[in-house]
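What follows is one structure encoded as structure tokens, with my remarks underneath.
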Protein chains: 2
Amino acid sequence: MAPSAAIPFDAPVNELVLEIFRLNGALIKCGDALVKPLGLSSARWQVLGSVVHGQGSYSVARLADNMGLARQSVQRVVDELAAAGLVAFAPNPAHKRAKLVVMTPRGQEVFERASALWQPVGDALIAGVEPAELRSAIELLAALRERLEQPAATE
Amino acid sequence: MAPSAAIPFDAPVNELVLEIFRLNGALIKCGDALVKPLGLSSARWQVLGSVVHGQGSYSVARLADNMGLARQSVQRVVDELAAAGLVAFAPNPAHKRAKLVVMTPRGQEVFERASALWQPVGDALIAGVEPAELRSAIELLAALRERLEQPAATE
DNA sequence: CTCAAGCGGACAGGATGCTGTCAATAGCGG
DNA sequence: CCGCTATTGACAGCATCCTGTCCGCTTGAG
């Protein structure tokens, strides 16, 4: 046998992992180009989306948890968005330090414009894909992620 | 209708994209932890894999293309791997500047140990998943990536 | 053979994400 | 009420990947 053929490179798991890496990079690149005219980036856009999704009732730590990122990563982006006037900090009646991240009117408008830019691109991306197949893939990826995020089960 | 309900957050495309981002982060984190005892990281491990896959006949630019990354990103990692004695540069008879990246014996050994660490984890990750479903997901992701990488078709 | 175009690498700088550490706030058991 | 622990944000430093620019090597047209 060949010296390094213990795990074939074309094993389905490995193919999937490499495809995730490449698709992740392609999505970030596409998003960056898409919202660049609005002064956004993929990262800022995604944070804006999380703020909208939380309806202004999320702290930075909560946003980070929802996005699966470290708090400091999100904190930096939120600070930049606040400096750009797209989000603001509202006092949290339940926690003096953990202020709530809320959208400013300008942030709302920018996000809606980004959504308008994204809609046709997103539609084209999945054009012709069977909804059931898409749903199946999403659930598979979610299941794999959950396994990765709780590795303490066997240790 | 609600002010920002033009594109629902739970649209399948958006779910998929967010899941890709989260899974990508989880995979990198898992890989970092897995090969840390070997002095590797996810990025270095992936580059090593590409070098092995190319059987020592790839230049840095070629490796980057295969991985879907920019040349400079791969160049930096390769330089670090070379400094660590895991890879080396072999003269390229066809191109004086574009040296070939080859594995050193130590690099071979480290990569094989990483593969041994990964095998049970990778197997456990896809345990219970229908091979057909896995294959279907891989092909879906690959198709989406190809659409993203050739956006010039409509412009 | 000469030179323009293209490819590959070197260098600089920026964006995004992580970990580690510390201070302030909340919540809870004694 | 006091102090311990957990949570949250601030700050510093590092890893990874990107773009932009320049230079050397290769190739091909003339």
Side-chain angles (χ1 to χ4, degrees), chain A residues 21-33 35-36 39-48 50 57-84 87 89-101 149, chain B residues 20-33 35-36 39-48 50 54 57-84 87 89-101 149:
Chain A
F21 288 162
R22 296 194 64 154
L23 186 50
N24 177 73
L27 284 170
I28 290 175
K29 196 168 183 177
C30 169
D32 278 341
V35 298
K36 188 176 183 180
L40 288 180
S41 64
S42 286
R44 296 183 184 194
W45 180 20
Q46 195 188 348
V47 169
L48 275 187
S50 294
S57 63
Y58 284 170
S59 66
V60 168
R62 186 80 181 278
L63 291 171
D65 268 1
N66 289 350
M67 299 169 64
L69 301 181
R71 296 193 188 103
Q72 289 78 353
S73 311
V74 178
Q75 182 79 52
R76 185 178 48 74
V77 175
V78 168
D79 287 344
E80 289 170 355
L81 288 173
V87 302
F89 296 100
N92 185 348
H95 198 304
K96 198 179 293 183
R97 269 181 74 94
K99 292 176 185 166
L100 302 178
V101 184
E149 287 176 349
Chain B
I20 293 287
F21 288 163
R22 297 194 63 155
L23 186 50
N24 176 73
L27 283 170
I28 290 175
K29 196 168 182 176
C30 170
D32 279 341
V35 298
K36 188 175 182 181
L40 288 179
S41 64
S42 285
R44 297 183 185 193
W45 180 20
Q46 196 188 347
V47 169
L48 276 188
S50 294
S57 63
Y58 284 170
S59 66
V60 169
R62 186 80 182 276
L63 290 172
D65 268 0
N66 289 349
M67 299 170 65
L69 300 181
R71 293 191 198 116
Q72 290 76 356
S73 312
V74 179
Q75 183 78 53
R76 186 183 49 78
V77 175
V78 168
D79 288 343
E80 290 170 354
L81 288 173
V87 303
F89 296 99
N92 186 348
H95 198 305
K96 198 178 293 182
R97 269 181 75 94
K99 293 175 185 166
L100 301 179
V101 184
E149 287 177 348

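Letters go in sequence order (proteins before strands), and every chain restarts at 1.
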For B/Gln75, what residues pass the side chain to side chain donor-acceptor pair (under 3.5 Å) criterion, not counting sequence neighbours? B/Asp79
Residues in side chain to side chain donor-acceptor pair (under 3.5 Å) with A/Asp32, at least two apart?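 So A/Asp32 forms a side chain to side chain donor-acceptor pair (under 3.5 Å) with A/Ser42.
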Can you pull out every side-chain hydrogen bond (donor to acceptor under 3.5 Å, both in side chains) where at least one residue sits in residues 59-72 of chain B? Sequence neighbours excluded, please. none
B/Asn92 to B/Lys99 - nearest heavy-atom pair and separation: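 Nearest heavy atoms, B/Asn92 then B/Lys99: CB-CA, 4.2 Å.
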The contact string for nucleotides 12-21 of chain C, one letter per nucleotide 5' to 3', using protein heavy atoms under 4.0 Å with B, S and - for base, sugar-phosphate only and none, comes out as ----BBBBB-
Please name all residues satisfying side-chain contact (heavy atoms from CB on, under 4.5 Å) with [X], sequence neighbours left out, ordered by chain then number.
| X | value |
| --- | --- |
| B/Ala33 | none |
| A/Leu69 | A/Met67, A/Val74 |
| A/Val101 | A/Val51, A/Val60, A/Leu63, A/Val78, A/Val87, A/Phe89 |

When you list every nucleotide of DNA chain D with an atom under 4.0 Å from a heavy atom of chain B, which one comes first 5' to 3', and which comes last? D/dT16 to D/dT26
B/Leu27 CG to A/Asn24 CG distance, which is reported to the nearest 0.5 Å: 9.5 Å
Rounding to a whole Å, what distance do you find between B/Asp79:CG and C/dA10:P?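 Distance, rounded to whole Å: 6 Å.
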Rounded to the nearest Å, what distance is computed from the CZ atom of residue B/Arg97 to the P atom of nucleotide C/dG8?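 Spelled out: CZ on B/Arg97 to P on C/dG8 is 11 Å.
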Can you list the residues that meet the salt bridge (charged side-chain N to carboxylate O under 4.0 Å, His left out) rule with B/Arg22, with sequence neighbours excluded? A/Glu149
Partners of B/Arg97 by salt bridge (charged side-chain N to carboxylate O under 4.0 Å, His left out), sequence neighbours excluded? none
All N/O pairs under 3.5 Å across the protein-nucleotides 4-6 of chain C interface:
none

